[in-house]
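Below, all heavy atoms of this structure are taken into account, side chains as well, without hydrogens, waters or symmetry copies.
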Amino acid sequence: MSLKARDFLEKYPAMQEFYNMAGSKLAEAMRLITVQPGMPLYRHGQACEYYLMILSGSVRVQKLSEKGQVITLYHLVAGRACELTTTCLLGGKNYPAEAVAETEAQAILIPKADFQQALAQNPEFRNFVFSSIDKGMNELIGLLEDVSFGRMDSRLARRLLQLSEKTDPVEVTHQTLAEELGTAREVISRLLKGFERQNWVRLHRGQVEILDRDALRKLAQLA
């Protein structure tokens, strides 16, 4: 098994049979790229010419309003494909958001024609694509419910707890949290200072140290 095949199947084990059937043809069609933090993989309004799958790193898919406000729709990590790319390829539409690398990331690009052929001919690939769409739609519905009905302090508490699973103290700026939650930086700063006054967190430059997880968990449950 080639290095490319081994890397691909390590992150996408459910596609073993598909890869075996597609063989070298798929390997030749796939393009592996490396992007640095802040670099776009898709820009708003760009034509969708390839299916986007993440091999390593993290990519943020976000929407920018006319007033310049940013909201994060979802994150792409290793083993996940971009649902918006899928719907654009299926519907012949341009990309309605932007996908930007959060860290150095490796992405697999499958050209539109090869994607459509695999979708038509291989049930395993088709199941993966539609399962990915289902997962993405559930996340977007959850985001819509949060934005429409959720309390911002509860959503902030929940996001801090999620981020702390990777690193603690959480390395994140107030601006980044604002973009994640679809609000203004000033709102996040005010809420974090309130958390700090209650000794739930301690704020540092570019970091949030969690002091009272139980308090944040209780607040997060109100979201």
Side-chain angles (χ1 to χ4, degrees), residues 11 33-44 54-80 82 84 97-107 135-136 138-140 142-223:
K11 303 303 181 183
I33 65 169
T34 300
V35 291
Q36 300 303 315
M39 290 181 59
L41 287 91
Y42 263 118
R43 299 181 185 276
H44 184 274
I54 304 302
L55 193 63
S56 67
S58 177
V59 173
R60 182 175 66 253
V61 178
Q62 60 189 24
K63 183 74 174 178
L64 181 67
S65 74
E66 294 181 356
K67 296 181 179 180
Q69 186 175 356
V70 178
I71 184 169
T72 299
L73 302 179
Y74 53 83
H75 297 269
L76 298 174
V77 293
R80 182 164 176 180
C82 179
L84 276 182
E98 58 180 6
V100 181
E102 295 183 295
T103 65
E104 180 176 284
Q106 285 188 309
K135 179 180 179 180
N138 287 334
E139 285 192 15
L140 287 176
L143 174 63
L144 179 60
E145 290 175 343
D146 275 349
V147 171
S148 300
F149 311 118
R151 291 173 37 167
M152 186 56 67
D153 57 350
S154 302
R155 294 176 59 209
L156 176 59
R158 185 169 61 188
R159 186 57 183 155
L160 288 174
L161 289 170
Q162 291 171 343
L163 291 171
S164 70
E165 294 176 0
K166 299 179 181 179
T167 60
D168 190 8
V170 176
E171 296 185 1
V172 65
T173 65
H174 296 195
Q175 180 62 40
T176 298
L177 286 170
E179 293 175 359
E180 293 273 352
L181 299 175
T183 189
R185 181 184 59 79
E186 292 76 13
V187 172
I188 296 300
S189 296
R190 175 171 50 80
L191 290 173
L192 285 174
K193 288 176 182 177
F195 289 1
E196 188 173 47
R197 284 194 297 271
Q198 298 181 79
N199 293 318
W200 294 351
V201 303
R202 182 177 294 120
L203 302 179
H204 307 279
R205 186 177 181 84
Q207 290 185 334
V208 179
E209 180 183 357
I210 295 179
L211 303 178
D212 192 338
R213 288 183 175 273
D214 288 339
L216 291 181
R217 287 192 187 101
K218 289 179 181 178
L219 180 60
Q221 290 174 358
L222 300 176

(Q) Using only atom types and a distance under 3.5 Å, with no angle test, would you say the side chain of S189 pairs donor to acceptor with the backbone of E186? (A)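 Side chain of S189 to backbone of E186: no pair is present.
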Q. Looking only at atom types and distance, does a side-chain atom of T103 sit under 3.5 Å from a main-chain N or O of S58, one as donor and one as acceptor?
A. yes
Distance-minimising heavy-atom pair for [X] and [Y]:
{"X": "F195", "Y": "D153", "answer": "CZ-O, 3.6 Å"}
{"X": "L219", "Y": "R151", "answer": "CD1-NH2, 3.6 Å"}
{"X": "L64", "Y": "V70", "answer": "CD1-CG2, 3.3 Å"}
{"X": "R80", "Y": "G136", "answer": "NH2-CA, 4.2 Å"}
{"X": "E209", "Y": "P169", "answer": "CA-CB, 3.9 Å"}
{"X": "V59", "Y": "A105", "answer": "CG2-CB, 4.2 Å"}

Q | Charged N-O contact under 4.0 Å between K166 and E102 | A |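 A salt bridge is absent here (no side-chain N lies under 4.0 Å from a carboxylate O).
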Q: Could you go through the side-chain contact (heavy atoms from CB on, under 4.5 Å) check for L41 and L76 one step at a time?
A: CA-CA 12 Å; L41 287 91; L76 298 174; over 6 Å; no
Distance from [X] atom [atom1] to [Y] atom [atom2], nearest 0.5 Å?
{"X": "R213", "Y": "L160", "atom1": "CZ", "atom2": "CG", "result": "10.0 Å"}
{"X": "D212", "Y": "R202", "atom1": "CG", "atom2": "CZ", "result": "12.0 Å"}
{"X": "K63", "Y": "I71", "atom1": "NZ", "atom2": "CD1", "result": "11.5 Å"}
{"X": "E98", "Y": "Q62", "atom1": "CD", "atom2": "CD", "result": "4.5 Å"}
{"X": "I188", "Y": "L156", "atom1": "CD1", "atom2": "CG", "result": "5.0 Å"}
{"X": "R158", "Y": "Q221", "atom1": "CZ", "atom2": "CD", "result": "10.5 Å"}

Q. Under 3.5 Å, is there a donor-acceptor pair linking the side chains of H75 and E139?
A. no
Q: For the residue pair R155 and T183, confirm or rule out a side-chain donor-acceptor distance under 3.5 Å.
A: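 Judged by distance alone, the side chains do not pair up.
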Q: Begin with the C-alpha distance, continue with both residues' side-chain angles, and end with the deciding distance and a verdict on side-chain contact (heavy atoms from CB on, under 4.5 Å) for Y42 and V61.
A: CA-CA 9 Å; Y42 263 118; V61 178; over 6 Å; no
Q: Please lay out, stage by stage, how L177 and L163 fare under the test side-chain contact (heavy atoms from CB on, under 4.5 Å).
A: CA-CA 10 Å; L177 286 170; L163 291 171; 4.0 Å; yes
